[in-house]
Amino acid sequence: MRGMLDIKLIREQADQVRQRLASRGAGDETRVDEVLALDEQRRKLVGEVESLKSIRNRVSKEIGALMGQKKLAEAEARKKETRDIGDKISTLDAQVAEVESARDQLLLRLPNLPHESVAIGKTAEDNPVMRTFGEAAQFTFKPKTHVELCEKLKLVDFPRGAKLSGSGFILYTNWGARLERALIQFLLDLHTSAHGYTEVSPPYMVTRDCMTGVGQFPKFMDQAYAVREGEDASSLGKLYLVPTAEAPVANIHREEILKESQLPIYYCAYSPCFRAEAGAAGVGTRGLIRVHQFDKVELIKIVSPETSYDELEKLTANAEAVLQKLGLHYRVILLCTGDMGFASAKTYDIEVWAPGQNQYLEVSSCSNCEDFQSRRMNTRYKTEKGENKLPHLLNGSGTALARLFVALVETWQQADGSILIPPALQPYMKTDRISV
RNA sequence: GGAGAGGUGGCCGAGUGGCUGAAGGCGACGGUUUGCUAAACCGUUAUAGGGCCUAAAUCCCUAUCGGGGGUUCGAAUCCCCCCCUCUCCGCCA
């Protein structure tokens with residue numbers, strides 16, 4: 001496993017790398033010197049051990065030739081000569097492995113470099129709003145919260161969800177369950193038929209390598225649910241519940257060399273998402289806004305570097321289309337350097353308006369990770385000219401469901417307590433209204 | 001879970017200790033021939049790290065035959081562990 005940031009870039013443009021890391025405000029730039037020191041040490045050791053190996057290989061060939069000529073005494077003499085080289089080589093090899101692993105541990109924890117178009121900032125306060133769509137719904141009555149609506153209309157059984165699995169787990173019931181399923185269907189249909197994505201249905205548990213590939217690990221291990229097989233302790237840590245379909249889907253082409261003509265690749269996938277949310281505020285309260293398991297339709301793109309920023313705009317528009325078709329008010333914000341995710345070079349968040357909450361809820365995060373993930377997972381593509389390059393990987397929620405559910409029921413609630421179903425969803429719901 | 005058979009380059013497939021980074025074939029690419037296509041013939045046909053702190057190319061070195069470790073002067077080849085695939089049996093949605 002190699003590091004996520006290109007070691008050559010760090011070597012050759014250390015100052016620029018430091019500066020761009022610093023713009024995230026997390027202090028990662030202070031690790032650059034350590035990386036460089038370890039890298040230099042590694043190269044020195046590699047040089048030493050490889051020249052020894054070169055000697056050993058040459059002498060071994062000569063021994064082979066001597067044996068062939070039955071000059072056994074001479075062969076034995078040469079063997080003696082090289083015997084101790086082997087010991088030196090294994091010592092040095094071990095040192096190389098140690099230094100390399102130390103270097104890579106550091107590299108794996110360095111976040112991606114922000115794109116130059118990203119606003120410099122520290123927190124969510126500094127995120128520029130790019131655009132808004134529609135307007136906040138106006139009511140002639142005091143709008144209820146989704147919790148109230150879900151209870152009245154029996155869309156969710158909160159107490160029993162908690163009984164089954166603890167707080168943060170949701171039991172959808174009746175029309176609530178149907179709405180959840182309808183939304184999933186609607187989203188998949190929209191992205192496959194109108195936006196050109198290929199549908200995939202991935203495993204919901206993935207290996208450690210997949211988690212590392214997308215940048216979840218090693219930094220965010222405490223956020224994942226690790227799976228154990230029965231009582232077999234040795235199986236613990238082999239598989240993890242997916243925190244997003246990005247984990248399996250972005251890794252579909254790990255360790256592969258694609259042809260340029262295959263690009264761009266567009267995948268969309270539904271999956272439940274499992275998040276421990278360790279230390280996060282809000283889990284433990286009722287409602288659907290922050291939960292341990294939620295549904296999501298994820299969009300993944302694998303594209304050539306030249307096109308990746310255009311593709312990011314299109315991907316974001318694809319996610320926005322969901323909210324437009326459901327008649328929901330939203331805004332698109334650009335995450336500033338300090339608020340961006342670990343793997344991303346540029347991220348747009350889409351926030352939908354939830355009248356009952358009187359706030360915007362994040363339902364989609366659309367990121368261009370450039371070659372950060374493809375380097376980690378070793379996905380490459382061969383150009384027409386025959387050179388190997390790293391594709392850019394993009395991901396975006398299209399969209400996350402529990403919060404979409406919230407915005408939908410809160411926006412479309414009526415004075416009589418019923419919920420209108422937007423026309424786009426009616427074919428899936430087979431009704432135009434949910435009422436008591 | 002039990003028994004057996006396997007995992008070699010883009011693909012198929014040889015290779016049981018040294019001259020094998022790897023025969024042969026297919027495919028692909030370049031060229032010759034050709035009215036066009038086809039055929040035939042010739043050639044090319046991996047990735048990564050390091051030497052190279054001016055970039056790239058060339059060149060040199062190292063590593064890679066599922067993964068890891070071991071034996072050896074030397075491992076695709078021998079030994080150990082693990083992973084995966086296939087067949088049969090058992091179990092099961």
Side-chain angles (χ1 to χ4, degrees), chain A residues 1-4 6-18 32-33 35-101 103-104 107 201 203-210 212 229-239 251 253-262 371 374-391:
Chain A
M1 174 65 63
R2 292 174 301 152
M4 55 157 34
D6 187 359
I7 183 65
K8 284 183 184 161
L9 181 73
I10 298 179
R11 243 184 247 157
E12 286 158 19
Q13 303 190 41
D15 285 339
Q16 204 205 334
V17 169
R18 263 191 287 261
V32 169
D33 284 339
V35 170
L36 286 174
L38 286 166
D39 181 56
E40 198 176 323
Q41 203 182 337
R42 188 192 84 95
R43 280 186 294 156
K44 191 170 159 261
L45 289 167
V46 163
E48 278 177 49
V49 74
E50 287 190 352
S51 63
L52 286 179
K53 282 180 181 173
S54 174
I55 293 169
R56 183 179 69 182
N57 287 344
R58 203 186 60 236
V59 175
S60 289
K61 272 186 186 170
E62 288 167 11
I63 291 171
L66 290 170
M67 304 275 278
Q69 294 162 33
K70 304 279 185 222
K71 299 179 179 169
L72 297 182
E74 273 184 64
E76 279 306 318
R78 304 305 306 265
K79 278 191 201 180
K80 224 177 211 173
E81 226 175 90
T82 47
R83 198 156 285 159
D84 60 328
I85 289 185
D87 293 338
K88 283 184 196 157
I89 287 174
S90 32
T91 307
L92 282 170
D93 266 342
Q95 285 175 27
V96 169
E98 202 176 310
V99 169
E100 191 169 276
S101 146
R103 181 195 69 175
D104 289 349
L107 279 174
S201 179
Y204 299 152
M205 294 184 244
V206 294
T207 61
R208 189 177 276 267
D209 284 344
C210 287
T212 307
E229 261 181 59
E231 296 301 313
D232 177 10
S234 71
S235 66
L236 184 64
K238 286 185 177 164
L239 291 174
N251 276 289
H253 298 289
R254 67 177 294 113
E255 308 286 349
E256 288 185 24
I257 302 175
L258 302 165
K259 294 194 193 93
E260 187 167 29
S261 58
Q262 290 177 263
D371 61 12
S374 48
R375 179 174 295 106
R376 282 180 165 239
M377 58 184 71
N378 202 19
T379 298
R380 289 158 294 166
Y381 73 97
K382 196 185 273 285
T383 64
E384 308 292 346
K385 289 178 195 158
E387 53 181 344
N388 280 311
K389 295 176 71 175
L390 293 165

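Note that these values count all heavy atoms, side chains included, but never hydrogens, waters or copies made by symmetry. Throughout, a chain's letter reflects where its sequence line sits, starting with A, and its residues are numbered from 1. Since this is a predicted model, take the numbers as computed values, not measurements.
In this structure, the separation between CZ on A:Arg375 and CD1 on A:Ile7 is 10.0 Å, given to the nearest 0.5 Å. Between A:Lys389 atom NZ and A:Arg380 atom CZ the span is 14.5 Å, to the nearest 0.5 Å.
Taking atom CG of A:Asn388 as the reference point, atom P of B:G9 lies 17 Å away to the nearest angstrom. Atom CG of A:Asp87 and atom C1' of B:U72 are 12 Å apart (whole Å). Between A:Lys79 atom NZ and B:G18 atom P the separation is 13 Å, expressed in whole Å. Taking atom CZ on A:Arg43 and atom C1' on B:G51, their separation rounds to 10 Å, with Å as the unit. At whole-Å resolution of the value, CG in A:Leu390 and P in B:U47 are 13 Å apart. Rounded to a whole Å, the CZ atom of A:Arg254 is 19 Å from the P atom of B:U47. When rounded to the nearest whole Å, the span between CG of A:Asn378 and C1' of B:U64 equals 13 Å. A:Glu256 has its CD atom 14 Å from the P atom of B:G9, to the nearest Å.
Distance noted for atom C1' between B:A39 and B:U33: 11 Å (whole Å). Comparing the same atom, C1', in B:C42 and in B:C84 gives a spacing of 41 Å after rounding to whole Å. A gap of 14 Å separates the C1' atoms of B:A46 and B:A28, to the nearest Å. Atom name P, nucleotides B:C12 and B:C86: the rounded distance is 15 Å, in whole Å. Across B:G74 and B:A63, the matching P atoms stand 12 Å from one another, rounded to whole Å. Separation of the P atoms belonging to B:G9 and B:C89 is 31 Å when rounded to the nearest angstrom. B:U64 and B:A56 are spaced 26 Å apart, taking the C1' atom of each and rounding to whole Å. Nucleotides B:C61 and B:G4, compared at atom P, are 46 Å apart to the nearest Å.
Between A:Ile257 and A:Val59, the residue anchored closer to the 5' end of RNA chain B is A:Ile257, taking for each the nucleotide with the nearest heavy atom. Ranked by how close their nearest RNA chain B nucleotide is to the 5' end, A:Glu100 and A:Ala65 are led by A:Ala65.
A salt bridge links A:Arg78 to A:Glu81: one of the charged nitrogens lies within less than 4.0 Å of a carboxylate oxygen. Taking the charged nitrogens against the carboxylate oxygens, A:Lys53 and A:Asp93 do have a contact shorter than 4.0 Å, which makes a salt bridge.
Here B:U62 sits opposite B:A48 as a Watson-Crick or G-U wobble pair (both hydrogen-bonding atom distances under 3.5 Å). Across all strands shown, B:U77 has no partner, as no Watson-Crick or G-U wobble contact with both distances under 3.5 Å is found. For B:C92, there is no paired base (Watson-Crick or G-U wobble, both distances below 3.5 Å). A 3.5 Å limit on both hydrogen-bonding distances identifies no Watson-Crick or G-U partner for B:A39. Under the Watson-Crick or G-U wobble criterion, with both distances below 3.5 Å, B:A5 is paired with B:U85. Look at B:C26: its Watson-Crick or wobble partner, with both distances under 3.5 angstrom, is B:G10. Nucleotide B:U34 has no partner under the Watson-Crick or G-U criteria, as no pair reaches both atom distances under 3.5 Å. In this structure, B:U71 forms no base pair with any nucleotide, since neither Watson-Crick nor G-U wobble geometry is met with both distances under 3.5 Å.
Look at A:Arg11 and you won't find any side-chain N or O under 4.0 angstrom from OP1 or OP2 of B:U54. Neither OP1 nor OP2 of B:C73 sits under 4.0 Å from any side-chain N or O of A:Arg78.
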(request) If a protein heavy atom is under 4.0 Å from the base, mark B; if only from the sugar-phosphate, S; if neither, -; do that for nucleotides 56-63 of chain B going 5' to 3'. (result) -----BBS
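Inter-residue side-chain proximity for A:Leu38 and A:Gln41 is flagged as met; some heavy-atom pair is nearer than 4.5 Å. Considering only heavy atoms from C-beta on, A:Ile10 comes within 4.5 Å of A:Leu107 through its side chain. With contacts defined as side-chain heavy-atom distances shorter than 4.5 Å, the pair A:Thr82/A:Ser60 does not qualify.
Considering only side-chain atoms of A:Lys8, the nucleotide from B:G49, B:G18, B:G51 that sits closest is B:G49.
For the side chain to side chain contact (heavy atoms under 4.5 Å, CB included) with A:Ile63, the lone residue among A:Glu76, A:Lys79, A:Glu74 that qualifies is A:Lys79. For the side chain to side chain contact (heavy atoms under 4.5 Å, CB included) with A:Arg11, the lone residue among A:Asp39, A:Val17, A:Asp6 that qualifies is A:Asp39.
A:Lys382 comes within contact range of the sugar-phosphate backbone alone, with a heavy-atom separation under 4.0 Å but no base atom that close.
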